[in-house]
Visitor: 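Just passing along the structure, written as structure tokens.
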Number of protein chains: 2
Amino acid sequence: MAKTSQAAGLHRASLAKLDDLDAALELMYYGWRGMTLEADAYLAKQGLSRPHHRILYVVARRPDIAIGSLIDILGISKQALNRPLNLLLERKLLTSKRSPEQHRSKLLRLTAAGQRIEQRASHRERKVLREAFDRVGAPGAAGWMGVMEAIADSN
Amino acid sequence: MAKTSQAAGLHRASLAKLDDLDAALELMYYGWRGMTLEADAYLAKQGLSRPHHRILYVVARRPDIAIGSLIDILGISKQALNRPLNLLLERKLLTSKRSPEQHRSKLLRLTAAGQRIEQRASHRERKVLREAFDRVGAPGAAGWMGVMEAIADSN
DNA sequence: ATCCTGAAGTCAACATAGTTGACATGAGGA
DNA sequence: TCCTCATGTCAACTATGTTGACTTCAGGAT
């Protein structure tokens, strides 16, 4: 799962615009890339990658989540969850224990080490957002949120 | 490369927020997903996927682009480009011919069929953006662009 | 005790999307 | 003819996902 990482990331290509919204379309692409670039590099240094971070991120915000719920939230199959989850357990970034009442399900929690990595990875993503928000000011940030909410809820 | 597609996509999970910017972070994730969802479904129906669309998108905006330049813009290896590019050539969505002067390089162009698919796929992505922009109005849209530019150029 | 069920775990086969490395081909230019 | 550049191709590998088919673990019901 580890990759050597390449740090510097892919300058924006200058392409002719066939539509007014082509610029926006490309910004979404480079925006996503830009937000995740440093976090991915950090994760790669830890021998982890995006799927691991997604797991850590969700468990951090839903302590004692059951594995089945995690599968639902991540939107992947239990087989796909299996490998990254086991790696996180082996590396003691997560713990799992049977629920006290519902012994059928297992509850996941971050260890201190898991928390640290989750925080550092997420921090790198938020840092990119924070700097962008600071540059455009509160009204621009509010506009961004409004647009993104509209897009996210367009399904 | 074709997948059966699942159409409806993954409602936003409600997670506790550990940081003010967690909401923004999640919006970027779901925003990217939301923008590409319908386009991906359309592409899957055509037996194509995201890498094919990226090729079609770039060639549409850089007619007569050489393969080497395409590799640079996409940021992948020529071996990775090989399969999707050959599929597009076989399906006659792209043509390649030697350059008149620089016989060493081959120039890529979209066929009419390739143009149609590129337009329909990109249209689906822009449609999501357009509706979001319409919902928030011009100032919000401008804010969105500003933030995304700041993020995209943060590398 | 036995059977059923729900949650989790595991194994195999496959698809997709990418990587490096090595080498072949095609077309000028010296 | 030889060199070089752009392209093409083969092989092996990694990573992330999919389905399908089982198994195991833990209660609950009869």
Visitor: Whole angstrom is fine here: how far is it from CG in B:D72 over to P in D:dT7?
Guide: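 Distance check: B:D72 CG to D:dT7 P gives 10 Å.
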
Visitor: Which salt bridge (Lys or Arg N to Asp or Glu O under 4.0 Å) pairs, counting each pair once, include a residue from residues 133-146 of chain A, with sequence neighbours left out?
Guide: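 Salt bridge (Lys or Arg N to Asp or Glu O under 4.0 Å) check on residues 133-146 of chain A returns no pairs.
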
Visitor: Which residues pass the salt bridge (charged side-chain N to carboxylate O under 4.0 Å, His left out) test with B:E149, not counting sequence neighbours?
Guide: none

Visitor: Give B:S105 one of three labels, base, sugar-phosphate or nothing, depending on what nucleic acid heavy atoms sit under 4.0 Å from its own.
Guide: sugar-phosphate

Visitor: Classify every nucleotide of nucleotides 22-30 of chain C by which part a protein heavy atom approaches to under 4.0 Å, writing B for the base, S for the sugar-phosphate alone and - for neither, in 5'-to-3' order.
Guide: B----BB--

Visitor: In this structure, how many angstroms lie between the P atom of D:dG8 and the CG atom of B:L88, rounded?
Guide: 13 Å

Visitor: Roughly, in whole Å, what's the span from CD1 in A:I76 to C1' in C:dG9?
Guide: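 For the pair A:I76 CD1 and C:dG9 C1', the rounded distance is 15 Å.
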
Visitor: Can you tell me if B:R54 touches the phosphate of C:dG18, counting only side-chain N or O atoms and a distance under 4.0 Å to OP1 or OP2?
Guide: yes

Visitor: Taking atom P of D:dT16 as reference, at what distance in whole Å does atom CG of A:L85 sit?
Guide: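 Between P of D:dT16 and CG of A:L85: 14 Å.
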
Visitor: Listed by chain and number, what are the side chain to side chain donor-acceptor pair (under 3.5 Å) partners of B:D64, not counting sequence neighbours?
Guide: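 By the side chain to side chain donor-acceptor pair (under 3.5 Å) rule, B:D64 matches B:R109.
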
Visitor: Please list, by residue number, the residues of residues 57-69 of chain B whose heavy atoms come closer than 4.0 Å to an atom of DNA chain C; answer none if no residue qualifies.
Guide: none

Visitor: Can you run down the salt bridge (Lys or Arg N to Asp or Glu O under 4.0 Å) pairs that involve residues 114-124 of chain A, sequence neighbours left out, and say none if there aren't any?
Guide: A:R61-A:E118

Visitor: To the nearest Å, how far apart are A:L87 CG and D:dT14 C1'?
Guide: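 A:L87 atom CG is separated from D:dT14 atom C1' by 14 Å.
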
Visitor: What's the CG-C1' distance between B:D40 and C:dA15, to the nearest Å?
Guide: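 In whole Å, C:dA15 C1' lies 16 Å from B:D40 CG.
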
Visitor: Nearest-Å distance, CD1 (A:I71) to C1' (C:dA7)?
Guide: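 That distance rounds to 9 Å.
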
Visitor: Check this one for me: any side-chain N or O of B:N82 less than 4.0 Å away from OP1 or OP2 of D:dC10?
Guide: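 False: B:N82 side-chain N/O out of range (4.0 Å or more) of D:dC10 OP1/OP2.
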
Visitor: Sequence neighbours excluded, which residues qualify as salt bridge (charged side-chain N to carboxylate O under 4.0 Å, His left out) partners of B:R126?
Guide: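 Partners of B:R126 under the salt bridge (charged side-chain N to carboxylate O under 4.0 Å, His left out) test: A:D19, A:D22.
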
Visitor: Sequence neighbours excluded, which residues qualify as salt bridge (charged side-chain N to carboxylate O under 4.0 Å, His left out) partners of B:K127?
Guide: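 For B:K127, the residues satisfying salt bridge (charged side-chain N to carboxylate O under 4.0 Å, His left out) (neighbours in sequence not counted) are B:E131.
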
Visitor: Nearest-Å distance, NZ (A:K97) to P (D:dA26)?
Guide: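 The answer, rounded to whole Å, is 16 Å.
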
Visitor: If the condition is salt bridge (charged side-chain N to carboxylate O under 4.0 Å, His left out), which residues does B:K17 pass it with, not counting sequence neighbours?
Guide: B:E26

Visitor: By nearest atom, which of the nucleotides D:dG8, C:dG18, C:dA8 is closest to the A:K106 side chain?
Guide: C:dA8

Visitor: Within the side chain of B:S96, is there an N or O that forms a donor-acceptor pair under 3.5 Å with the backbone of B:L107?
Guide: no

Visitor: Distance check: side-chain N/O of A:S77 vs OP1/OP2 of D:dT18, anything under 4.0 Å?
Guide: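 For D:dT18, OP1/OP2 do have a side-chain N/O of A:S77 under 4.0 Å.
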
Visitor: Between A:R83 and D:dT14, is there a contact of a side-chain N or O with OP1 or OP2 at under 4.0 Å?
Guide: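 No, A:R83 has no side-chain N/O under 4.0 Å of OP1/OP2 on D:dT14.
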
Visitor: Begin with the C-alpha distance, continue with both residues' side-chain angles, and end with the deciding distance and a verdict on side chain to side chain contact (heavy atoms under 4.5 Å, CB included) for A:L81 and A:I55.
Guide: CA-CA 9 Å; A:L81 179 63; A:I55 294 169; 3.5 Å; yes

